[in-house]
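Worksheet: the structure to be examined is printed underneath.
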Protein chains: 2
Amino acid sequence: MQALLDAVPFDANGLVAAIAQQHDTGEVLMLAWMNRESLAETLATGQVCYYSRSRRRLWRKGESSGQTQRLIEMRLDCDGDALLLLVDQTGVACHTGRRSCFFRAAQEGAWVEIAAPLVPAETLYGETR
Amino acid sequence: MQALLDAVPFDANGLVAAIAQQHDTGEVLMLAWMNRESLAETLATGQVCYYSRSRRRLWRKGESSGQTQRLIEMRLDCDGDALLLLVDQTGVACHTGRRSCFFRAAQEGAWVEIAAPLVPAETLYGETR
């Protein structure tokens with residue numbers, strides 16, 4: 001574990017970019033960030049844990065919404081500043097209720113929504129959780 | 001074009017993360033960065049242009065190596081801090097000569113190479129170019 005962590009040159013903020021990709025379909029779900037602690041937890045538990053830059057704390061994906069990501073394989077890029085997480089996404093990755101965060105496409109000079117929410121966003125973070 | 005650019009909240013360094021994915025196979029090729037100028041050029045030309053943080057200048061992918069990326073579709077994520085580029089990659093994306101930059105996988109506590117170079121790295125940046 002230590003060797004895995006030591007090989008990642010975290011940036012000036014102590015972070016590394018992490019791309020989550022659904023392991024079997026190849027769909028790119030989201031881009032988020034990890035610090036050393038969240039990377040260690042992800043490797044130890046097999047459940048993806050990011051670092052939330054806005055909330056400045058560990059972000060156990062799905063902790064509020066139940067939309068967890070199980071790690072299937074983790075890859076590191078050539079210069080070590082990005083991780084690719086092959087995951088099995090429960091439900092939806094995006095806080096808007098869409099499967100992927102990349103739901104807008106450039107079409108004729110505008111960003112056009114190409115995917116609708118699969119679940120209402122408000123139910124993801126509702127009172128029942 | 002202006003509307004597309006204005007919708008991207010570039011970070012404090014004027015950059016946005018860009019993931020390149022081979023459009024037909026789903027393979028994630030690399031993660032790099034774009035500034036407003038490189039994003040505009042990419043949209044205008046259909047050839048992917050990044051911003052090199054180390055060289056501090058536009059990085060027209062393939063300008064030295066010939067390994068260009070043709071843009072098929074561009075997507076923006078929910079909070080606008082990441083782009084997904086669906087591309088058609090000529091040859092290899094990685095400067096090491098591998099198809100993808102993500103050629104190391106975490107296995108039993110170590111990063112293990114899971115892909116070999118398809119072309120020798122030295123030929124990518126040789127005297128003939």
Side-chain angles (χ1 to χ4, degrees), chain A residues 1-8 11 16-22 24-33 39 42-43 53-54 71-86 93-98 100-115 121, chain B residues 1-8 11 16-22 24-33 39 42-43 53-54 71-86 93-98 100-115 121:
Chain A
M1 166 81 86
Q2 206 68 22
L4 287 173
L5 299 173
D6 289 345
V8 178
D11 70 12
V16 61
I19 303 161
Q21 181 180 32
Q22 175 65 28
D24 47 2
T25 66
E27 187 176 22
V28 174
L29 301 169
M30 58 185 286
L31 174 73
W33 297 83
L39 175 53
T42 300
L43 288 166
R53 295 180 299 172
S54 57
L71 184 69
I72 306 293
E73 184 169 286
M74 186 181 292
R75 297 186 189 159
L76 181 65
D77 79 349
C78 51
D79 54 5
D81 67 359
L83 296 166
L84 177 62
L85 315 176
L86 301 178
C94 186
H95 74 287
T96 66
R98 293 173 176 85
S100 166
C101 294
F102 296 95
F103 61 82
R104 293 182 284 178
Q107 291 180 6
E108 299 175 9
W111 294 108
V112 176
E113 292 193 6
I114 58 171
Chain B
M1 166 82 86
Q2 207 67 22
L4 287 173
L5 299 173
D6 289 347
V8 178
D11 70 12
V16 61
I19 303 161
Q21 180 180 33
Q22 175 64 29
D24 48 2
T25 64
E27 187 177 21
V28 174
L29 300 169
M30 56 185 286
L31 173 73
W33 296 83
L39 175 54
T42 300
L43 289 166
R53 294 179 300 172
S54 56
L71 184 69
I72 305 292
E73 183 170 286
M74 186 182 292
R75 297 185 189 160
L76 181 65
D77 79 348
C78 50
D79 54 4
D81 68 358
L83 296 166
L84 177 62
L85 315 176
L86 301 178
C94 186
H95 75 287
T96 65
R98 293 173 176 86
S100 166
C101 294
F102 295 95
F103 60 84
R104 293 182 284 178
Q107 293 179 4
E108 298 175 10
W111 294 109
V112 176
E113 292 193 6
I114 57 171

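Note on naming: letters A, B, ... go to the chains in the order of the sequence lines (proteins, then strands), and numbering restarts at 1 for each one.
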**Message:** Please classify the contact of B:Ala110 with chain A as side chain, backbone, both or neither, using a heavy-atom distance under 4.5 Å.
**Reply:** backbone
**Request:** Using the side chain to side chain contact (heavy atoms under 4.5 Å, CB included) rule, pick out the option among B:Asp6, B:Leu43, B:Leu39 that qualifies with B:Met1.
**Result:** B:Leu43
**Asked** Under a 4.5 Å heavy-atom cut-off, does chain A meet the side chain of B:Met74, its backbone, both or neither?
**Response** both
**Prompt:** For A:Asp81 and B:Arg53, what are the C-alpha separation, side-chain angles and deciding distance, and is it a salt bridge (charged side-chain N to carboxylate O under 4.0 Å, His left out)?
**Reply:** CA-CA 12 Å; A:Asp81 67 359; B:Arg53 294 179 300 172; 2.9 Å; yes
**Item:** Heavy-atom proximity to chain A below 4.5 Å, by part of B:Leu84
**Value:** both
**Item:** Heavy-atom proximity to chain A below 4.5 Å, by part of B:Ile114
**Value:** side chain
**Request:** With a 4.5 Å cut-off on heavy-atom pairs, point out which of B:Thr96, B:Val112, B:Leu76 contacts chain A the most.
**Result:** B:Leu76
**Prompt:** Do you know which of A:Gln21, A:Gln107, A:His95 has the most heavy-atom pairs under 4.5 Å to chain B?
**Reply:** A:Gln21
**Message:** Under a 4.5 Å cutoff for heavy-atom pairs, which residue among A:Leu5, A:Leu86, A:Leu83 has the most contacts with chain B?
**Reply:** A:Leu83
**Complete:** In short, salt bridge (Lys or Arg N to Asp or Glu O under 4.0 Å) pairs touching residues 103-113 of chain B with sequence neighbours left out are B:Arg98-B:Glu113
**Taking every non-hydrogen atom, the tightest pair across A:Val8 and A:Gly80** = CG1-O, 3.9 Å
**Request:** Count the heavy-atom pairs under 4.5 Å between each of B:Ala17, B:Ala7, B:Ala105, B:Cys94 and chain A, then report the option with the highest count.
**Result:** B:Ala105
**Item:** From A:Leu71 atom CG to A:Leu85 atom CG, the distance as rounded to the nearest 0.5 Å
**Value:** 6.0 Å
**Item:** A:Trp111 to B:Leu4 - nearest heavy-atom pair and separation
**Value:** NE1-O, 3.0 Å
**Complete:** Under a 4.5 Å heavy-atom criterion, the part of residues 24-32 of chain B in contact with chain A comprises B:Gly26, B:Val28, B:Leu31
**Asked** Looking at B:Ala3, B:Ala82, B:Ser100, which has the largest count of heavy-atom pairs under 4.5 Å with chain A?
**Response** B:Ala82
**Prompt:** Which pair of heavy atoms, one from B:Ile19 and one from A:Phe102, lies closest together, and at what distance?
**Reply:** CD1-CZ, 3.8 Å
